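Bear in mind that the values here come from a model prediction, so they are computed numbers and not experimental data. Every heavy atom of this structure was used, including side-chain atoms; hydrogens, water molecules and symmetry mates were not. Just so you know, residue 1 is the first one in the sequence shown, and it goes up from there.
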Amino acid sequence: MNTTRVVGRQGLRLLGGTVLARSMDLALYLLLARTLGVETFGRYTYALSFTLLFNALSDLGIATVLTREVARAPDRARELLRPCLALKAVLGGFTLLAVIGIARVGPAGAGGLSLVLPIVAGMILNSTAMLYDGLLRAEGRAGRSGLNLLLQSVASLIAGAALLGVGLGPQAGAFAYLAGGVARLTSAAWWSRDLWGARAITTAPSSHPAIAAAAPRKLDARAILREAAPLAMSAVFIALYFRIDAVILRSIQGERAVGLYAGVYRMFETFALLAVTFRSVLFPVMARVADDSAKSLGVLCRKSLRLHLLFTIGVAVFFTMEAPAIVRVVLGPAYAEAAPGLAILMWALPGSYMADTLLFLLTAQRRQALGTWAVGITAGVNIVLNLIMVPRMSFVGASVATVASEWLSFALLFVMFRRAAAVPGMASLMWRPAAAGAMLAGGLWFAARWHAATLPAVALVAIAAVVAYPLLLAAVGAIGREDLAMLRALAPAKPAAGVV
């Protein structure tokens with residue numbers, strides 16, 4: 001079975017679970033937004049954003065290193081997991097102490113601990129679950145990983161709705177996050193038990209010539225930390241420019257601004273997290289292809305960036321043109337003034353998707369230190385932009401800062417990746433989906449003048465856009481026979497003649 005079929009099928013399975021999971025996450029988030037009101041919702045969102053700033057501290061890139069090494073040497077899964085779990089236990093305790101200590105003196109004061117504590121506990125459980133998910137993805141069982149995410153979201157939604165029903169207020173969201181962490185860790189550990197349990201099956205060594213010929217690399221706890229250090233710094237910087245905007249908004253503009261921004265940011269984040277689905281399946285392939293010629297990795301990069309642009313430009317155009325109606329329908333009239341923030345924020349998606357793939361392509365090559373420099377510069381620029389623009393433009397300024405940061409991150413990572421692997425045809429890669437997006441924008445602008453801000457109307461426009469956009473892509477030559485061949489490759493293979 002070729003790489004396209006393997007990646008495609010695993011990606012579709014993981015995508016199915018992830019889309020359902022993110023839909024439930026969004027449903028819980030919208031339930032919280034509507035039930036709590038703008039200011040109380042802003043208080044919960046601030047606690048969530050503040051706590052997730054420490055997410056990198058609970059992982060330090062260890063899960064990524066484990067996935068990469070198991071993809072290269074499947075027979076070492078149990079051996080590599082042990083030091084990773086020990087490191088996670090130490091890091092979890094340190095993270096808990098750090099969050100509690102800093103939260104007591106932060107803008108929310110000691111009163112915010114009732115929200116922060118359940119969230120940090122759930123965050124640590126999720127961080128541990130990433131190890132078991134990494135084993136599943138490295139072994140080509142991404143569908144099971146998608147199921148773990150789905151069970152996490154189901155548990156969160158049920159717990160959140162129940163706790164809101166008994167009047168727990170913003171604590172309902174915090175304990176829902178914890179319930180999701182428990183569900184995900186339990187599920188991930190159970191599905192991967194054949195890889196780490198006492199009777200773990202020893203998989204045959206990789207058949208890839210370059211990997212099979214290489215001597216096994218000794219990876220104890222210290223070696224894992226050395227490998228993960230650049231990834232840890234990258235994760236810290238990424239957390240900063242994904243989460244610091246809510247903290248700055250809370251400090252300068254107050255909880256109402258945070259609530260308005262959080263409502264639209266969750267829509268952006270829901271789509272942004274889908275990039276992780278694609279990369280999660282592709283990363284083990286990246287790790288193996290990295291041992292081939294630079295040309296192979298360059299081709300893989302170009303195909304990935306192309307798919308990202310085809311998808312994200314269409315999404316960004318739709319949300320930009322329909323932002324006022326979407327905000328009123330999804331969040332309610334109380335959030336109507338947040339529409340300009342949504343219209344701008346969705347243009348961070350193309351940069352975010354492409355930057356994520358490039359960061360992990362560098363990691364597959366063991367050049368993760370270059371990625372650290374890129375995201376470090378991006379984080380610094382993002383903080384400066386937020387400090388300049390939030391006092392003047394409130395949450396709209398935060399949206400502009402996010403878009404600028406994501407595209408800057410992509411540009412820096414692309415320059416660094418091209419030092420070792422050429423990526424041909426980038427100009428043609430970009431202008432065709434941009435042209436199709438411009439034509440789609442014209443049609444949506446015309447439609448927006450004639451339909452009301454109601455759920456049926458927005459849904460009808462969305463369906464029309466889903467049908468029209470691929471046709472526009474085909475009209476400008478952005479998709480063609482190659483894409484049809486790829487879709488055929490994803491179909492189940494027919495059994496050979498005479499095979500029952």
Gap between atom [atom2] of [Y] and atom [atom1] of [X] - 0.5 Å precision:
X    : Y    : atom1 : atom2 : value
R418 : L413 : CZ    : CG    : 14.0 Å
S409 : L358 : OG    : CG    : 8.5 Å
F395 : I344 : CZ    : CD1   : 9.0 Å
N382 : L387 : CG    : CG    : 9.5 Å

Could you tell me which residues satisfy side chain to side chain contact (heavy atoms under 4.5 Å, CB included) with [X], sequence neighbours excluded, listed by chain and number?
X   : value
R34 : none
S23 : V19
L31 : T35, A161, L164
T45 : Y29, F41, S49, V258, A262

Can you confirm whether or not the ring centre of F417 sits under 6.0 Å from the ring centre of F414?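 No: the rings miss the under 6.0 Å criterion.
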- Query: Would D356 and H308 satisfy side chain to side chain contact (heavy atoms under 4.5 Å, CB included), going step by step from the backbone distance to the final call?
  - Reply: CA-CA 10 Å; D356 183 81; H308 292 333; over 6 Å; no
Answer yes or no: is there a side-chain heavy-atom contact under 4.5 Å between [X] and [Y]?
X    : Y    : result
M267 : I326 : yes
L178 : L125 : yes
I313 : M430 : no
D25  : E269 : no
Y46  : T51  : no
L136 : D133 : yes
N126 : Q152 : yes
L309 : Y353 : no

Report task. List for me each residue that meets salt bridge (charged side-chain N to carboxylate O under 4.0 Å, His left out) alongside R43, sequence neighbours excluded, and say none if there are none. Result ->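 For R43 the salt bridge (charged side-chain N to carboxylate O under 4.0 Å, His left out) partners, ignoring immediate neighbours, are E255.
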Applying side chain to side chain contact (heavy atoms under 4.5 Å, CB included), run through V400 and L385 and close with a yes or a no.
CA-CA 8 Å; V400 173; L385 286 176; over 6 Å; no
> For residues 463-477, which residue pairs qualify under side-chain hydrogen bond (donor to acceptor under 3.5 Å, both in side chains), counting only residues two or more places apart or in two chains?
Replying inline: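 As it turns out, there is no side-chain hydrogen bond (donor to acceptor under 3.5 Å, both in side chains) pair with a partner in residues 463-477 once direct neighbours are skipped.
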Problem set entry | Any residue meeting ring pair (Phe, Tyr, Trp, His ring centres under 6.0 Å) with F319, in chain and number order, not counting sequence neighbours |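 If we apply the ring pair (Phe, Tyr, Trp, His ring centres under 6.0 Å) test to F319, skipping adjacent residues, the hits are F271.
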Restricting to ring pair (Phe, Tyr, Trp, His ring centres under 6.0 Å), what partner residues turn up for F54, sequence neighbours left out?
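Testing F54 for ring pair (Phe, Tyr, Trp, His ring centres under 6.0 Å), a comparison that skips the adjacent residues, returns F50.
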Step by step, would you call L472 with V476 a side chain to side chain contact (heavy atoms under 4.5 Å, CB included)? CA-CA 6 Å; L472 293 172; V476 298; 6.0 Å; no
Name the atoms and distances for all side-chain donor-acceptor pairs under 3.5 Å in residues 327-339, with sequence neighbours left out.
unit_1	atom_1	unit_2	atom_2	d
Y335	OH	A33	O	2.9
E337	OE2	R256	NH2	2.7

[X]: which residues meet the side-chain hydrogen bond (donor to acceptor under 3.5 Å, both in side chains) condition with it, sequence neighbours left out?
X    : answer
R432 : none
Y261 : D245, T402
D59  : K88

Check whether any side-chain N or O of W373 sits under 3.5 Å from a backbone N or O of L412 as a donor-acceptor pair, and report yes or no.
->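 Side chain of W373 to backbone of L412: no pair is present.
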Which heavy atom of L444 sits nearest a heavy atom of M321, and at what distance?
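Minimum heavy-atom separation between L444 and M321: CB-CB, 3.7 Å.
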